[in-house]
Participant: 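Before anything else, here's the structure in question.
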Amino acid sequence: MNFIEEIVENDLKAKLNDGRIQTRFPPEPNGYLHIGHVKAICMDFGIAKKYGGVCNLRFDDTNPAKEDTEYVDSIMRDIRWLGFEWGQVFYASDYFDQLYELAIRFIKEGKAYVDEQTAEQIAEQKGSPTEPGKESPFRNRPIEENLRLFEQMQAGEIPEGKMVLRAKIDMANPNMHFRDPIIYRIITSHPHHRTGRKWNVYPMYDFAHGQSDYFEGVTHSICTLEFVVHRPLYDWFIDQFVPQGEYRPHQYEFNRLNITYTVMSKRKMLQLVKEGLVAGWDDPRMPTVCGLRRRGYTPSSIHTFIDRIGYTKVEGTIDLGLLEHVIREDLKETAPRMCAILEPIRLVIDNYPEGKEETIVAENIDGKPELGTREMPFGRELFIERQDFREEGSKDFYRLSPGGREVRLKNAYIIQAVSCEKDENGNITVVHATYDPNSKSGTEGGNRKVKSTINWVSAEKAVPAELRLYDRLFSVEDPSASDKDFRELLNPDSLKVLTAMVEPALKTAKQQDHFQFLKQGYFVVDDDSTAEHLVFNRTASLKDNWQK
Ligand code: ATP
Ligand code: MG
């Protein structure tokens, strides 16, 4: 049980809010969800599910300059893909009328004023945690004037940036958020994705968030630790219009998810997308939910990851290796193990009858016939990995070299190399071998053991496939800690594309099907893949190659 579940259980015992449990997931629709959000989603939806409550979805859409319905749609799609169902869908913009009324009420009660200073001047007067701030020269203007100006702001008569509405609280408060925070600003440059041009003033996030929780009846408002310092301000706003002793939401905070070799910020991800440094929000190198999906991560592997990292009150960074580990564990037991030859070289079995073809029935996972079998055509000419042949053998090379060791072709025969052909540049083009007709796997001779087994596909029947070999997007552990711009820290080898020859059984693979390509790693069928042009994305290598 995590510490928030403990709080919820105690509240249930104490019959707080008549035993009602209501949470919400409150994304700002200004980007796609990333794995950090998933941590919050699993908490918000998880609590509601476990304790028979409800988790609503609320879009915190208070900044029309950055928000869009594209993001709203993607957020819903991603939450469903993760396997969660929300109760209702709310928008902070549903409350713009109520929030505007509240701002007017604050003005009338002498708790808010219109400031005409620039953003820089206001910032300069903020002071520091140890020094009190300075009062704005507009702080004590008459209530009537404040009302008139705020109404003019909303009427579109004041240009953007010329005036803001500030709460009149305390310029010396040790909590900087109490130093007359801005609660409303003018935005006329962009229409709102839901309210269009109705509003020229918009509430700041801090003036909308806590009140939205209150309007909806949220009992446990769960968020990340950076909001600890905002909590007293949210409570203060509510205290101004809700009598003591009545229902109010309570906020609880847990540690954010940070992952090595990753930037966990929508703003930075948007830059990567906009500048074409990745192929889109769903680029398989992105830590977004849609990127992880396209990379081949399954919802269950992501849930396992979130369970492993847990929830605490201490900030830290999780090793990306853990995320890669959980998907390997997930796919290890289920993904069919097939052959893909990444660097093909032709192998001719000289003593195999010309024109003959056999069908080899191979188990998808060795020793687990219940997971199915597939047929592999076998013939005189095959493709094998170039690196499985060396012209000059050596004691520690266990694969093919002329006159060297015997090697088993996976699920088929034992062969021995005899010679090779080269082109005019000296590159090897064909390997010749002979086979032992009595060594076929599954027959008595198949039990004969040799030191190594290599992969192959039929040269005649294999199909080409585009393989996208993805790796970590950044080459340094903590891109945010560097003096350099994060875009200079991208891993230049994060994507290699090549054409491999794969078993014909893969022709019928469908989007999102998972495979292990023997000795190569875990792969998933890409969304762009078609029967005519197969595309596979590497989800993960077989082992952690980055382990120090
Ligand atoms: P970003 O910094 O990437 O823009 P954000 O916090 O601004 O993220 P929101 O849409 O405001 O994004 O976040 C919605 C919810 O997701 C919030 O409750 C927030 O606390 C939570 N959240 C965001 N990032 C993380 C993270 N890295 N780990 C855990 N929770 C997160
Ligand atoms: Mg935010």
Side-chain angles (χ1 to χ4, degrees), residues 2 4 23-48 55-63 65-68 70-76 78-79 82 84 86 89-93 193 203-206 208-210 212-213 216 218 220-231 234 249-274 281 286-292 302-303 305-318 320 322-323 478-480 486:
N2 63 54
I4 296 193
T23 60
R24 84 286 169 271
F25 174 63
E28 183 180 355
N30 62 349
Y32 283 62
L33 294 180
H34 52 61
I35 180 92
H37 293 115
V38 178
K39 181 173 179 180
I41 288 170
C42 289
M43 169 60 85
D44 296 327
F45 286 89
I47 288 280
C55 177
N56 295 316
L57 184 54
R58 180 174 70 242
F59 292 101
D60 261 315
D61 53 352
T62 52
N63 184 359
K66 297 215 169 118
E67 296 153 6
D68 199 273
E70 174 195 350
Y71 303 129
V72 170
D73 296 342
S74 75
I75 289 169
M76 292 191 184
D78 288 346
I79 295 174
L82 288 166
F84 292 112
W86 49 86
V89 180
F90 296 117
Y91 295 82
S93 52
H193 72 115
M204 297 296 289
Y205 180 83
D206 275 357
H209 190 78
S212 302
D213 281 345
E216 288 165 12
V218 169
H220 297 78
S221 171
I222 308 165
C223 61
T224 36
L225 285 169
E226 70 269 26
F227 293 105
V228 169
V229 285
H230 296 247
R231 181 180 356 113
Y234 298 168
H250 285 271
Q251 178 175 301
Y252 302 96
E253 307 87 4
F254 62 83
N255 58 336
R256 276 180 91 79
L257 171 59
N258 302 299
I259 301 183
T260 55
Y261 301 96
T262 306
V263 293
M264 202 71 88
S265 142
K266 278 185 283 191
R267 185 177 58 79
K268 289 181 180 167
M269 291 180 203
L270 181 64
Q271 272 177 299
L272 293 174
V273 172
K274 283 232 162 113
W281 285 97
M286 291 280 272
T288 50
V289 174
C290 52
L292 289 165
I302 296 175
H303 288 290
F305 173 73
I306 300 292
D307 285 346
R308 296 262 178 100
I309 61 174
Y311 297 88
T312 70
K313 283 197 160 282
V314 193
E315 293 290 9
T317 302
I318 303 293
L320 181 56
L322 180 63
L323 189 59
D478 186 356
S480 313
F486 75 102

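Numbering starts at 1 and runs along the sequence shown. Each ligand, and each atom within it, is numbered from 1 in the order the structure gives.
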Participant: Tell me which one of Met269, Lys66, His37 gets a heavy atom nearest to atom 22 (N) of ligand 1.
Facilitator: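 That would be His37.
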Participant: So if I count the atoms of ligand 1 from 1 in the order they appear, which ones are less than 4.0 Å from some heavy atom of Met264?
Facilitator: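 Numbered from 1, ligand 1 contributes 3 (O), 27 (N).
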Participant: Hey, are Glu253 and Arg231 close enough for a salt bridge, meaning a charged N less than 4.0 Å from a carboxylate O?
Facilitator: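 Judged by the 4.0 Å cut-off on N to carboxylate O distance, Glu253 and Arg231 do form a salt bridge.
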Participant: For Phe25, counting its heavy atoms only, list the atoms of ligand 1 lying under 4.0 Å from any of them.
Facilitator: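 So the answer, numbered in order with elements, is 15 (C), 16 (O).
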Participant: I want to confirm something. Looking only at heavy atoms, which of Arg256, Glu226, Met43 is nearest to atom 2 (O) of ligand 1?
Facilitator: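 Nearest heavy atom to atom 2 (O) of ligand 1 lies in Arg256.
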Participant: What part of Arg267 sits under 4.0 Å from ligand 1 if we count only heavy atoms: the side chain, the backbone, both or neither?
Facilitator: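 Arg267 to ligand 1: no contact under 4.0 Å from either part.
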Participant: For Tyr205, is the nearest heavy atom under 4.0 Å from an atom of ligand 1?
Facilitator: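 Flag not set, Tyr205 not near ligand 1.
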Participant: Is the side chain of His303 donor-acceptor paired with the backbone N or O of Leu82 at a distance under 3.5 Å, no angle test?
Facilitator: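 Yes.
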Participant: Quick one: which of His250, His220, Arg24 gives a side chain to side chain donor-acceptor pair (under 3.5 Å) with Asp213?
Facilitator: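 Only one option passes, and that is Arg24.
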Participant: With respect to Asn255, determine whether any N or O atom, backbone or side chain, lies less than 3.5 Å from an N or O atom of ligand 1.
Facilitator: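 No, no N or O pair falls under 3.5 Å.
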Participant: Of Val38, Ile41, Val289, which is the lone residue that meets side chain to side chain contact (heavy atoms under 4.5 Å, CB included) with Ile302?
Facilitator: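 Per the side chain to side chain contact (heavy atoms under 4.5 Å, CB included) rule, the option paired with Ile302 is Val38, out of Val38, Ile41, Val289.
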Participant: Can you establish whether the number of heavy atoms outside Lys66 located under 6.0 Å from its atom NZ is more than 12?
Facilitator: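 12 or below, so no.
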Participant: Does ligand 1 come near enough to Leu257 that some N or O of the ligand is less than 3.5 Å from an N or O of the residue?
Facilitator: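 By distance alone, the answer is yes.
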Participant: For ligand 1, which atoms have a heavy atom of Ser265 less than 4.0 angstrom away?
Facilitator: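 Matching atoms, with element in brackets: 3 (O).
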Participant: What atoms of ligand 1 come closer than 4.0 angstrom to any heavy atom of Ala40?
Facilitator: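 With Ala40 as reference, the close atoms of ligand 1 come out as 16 (O), 21 (C), 30 (N).
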Participant: Under a plain distance cut-off of 3.5 Å, with no hydrogens placed, do Asn255 and Thr312 share a side-chain donor-acceptor pair?
Facilitator: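 On atom types as modelled, these side chains qualify, holding a pair under 3.5 Å.
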Participant: Output yes when the distance from some N or O of ligand 1 to some N or O of Gly36 is under 3.5 Å, and no in every other case.
Facilitator: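 Between Gly36 and ligand 1 (N or O atoms, distance only) the closest approach is under 3.5 Å.
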Participant: Would you call the rings of Tyr311 and Phe254 parallel, tilted or perpendicular, where under 30° means parallel and over 60° means perpendicular?
Facilitator: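 Ring orientation, 0 to 90° scale: perpendicular.
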Participant: Can you name the atoms of ligand 1, numbered from 1 with element, that are less than 4.0 Å from a heavy atom of Thr224?
Facilitator: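 So the answer, numbered in order with elements, is 19 (C), 20 (O), 29 (C), 30 (N), 31 (C).
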Participant: Between Tyr205 and Phe227, how do the two ring planes meet: parallel, tilted or perpendicular, split at 30° and 60°?
Facilitator: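 It falls in the tilted class, 30° to 60°.
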Participant: Any idea how His209 and Tyr234 line up, ring-wise: parallel (<30°), tilted (30 to 60°), or perpendicular (>60°)?
Facilitator: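 If you compare the ring of His209 with that of Tyr234, the planes turn out tilted.
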Participant: Hey, does His34 sit under 4.0 Å from ligand 1 if you only count heavy atoms?
Facilitator: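 Flag set, His34 near ligand 1.
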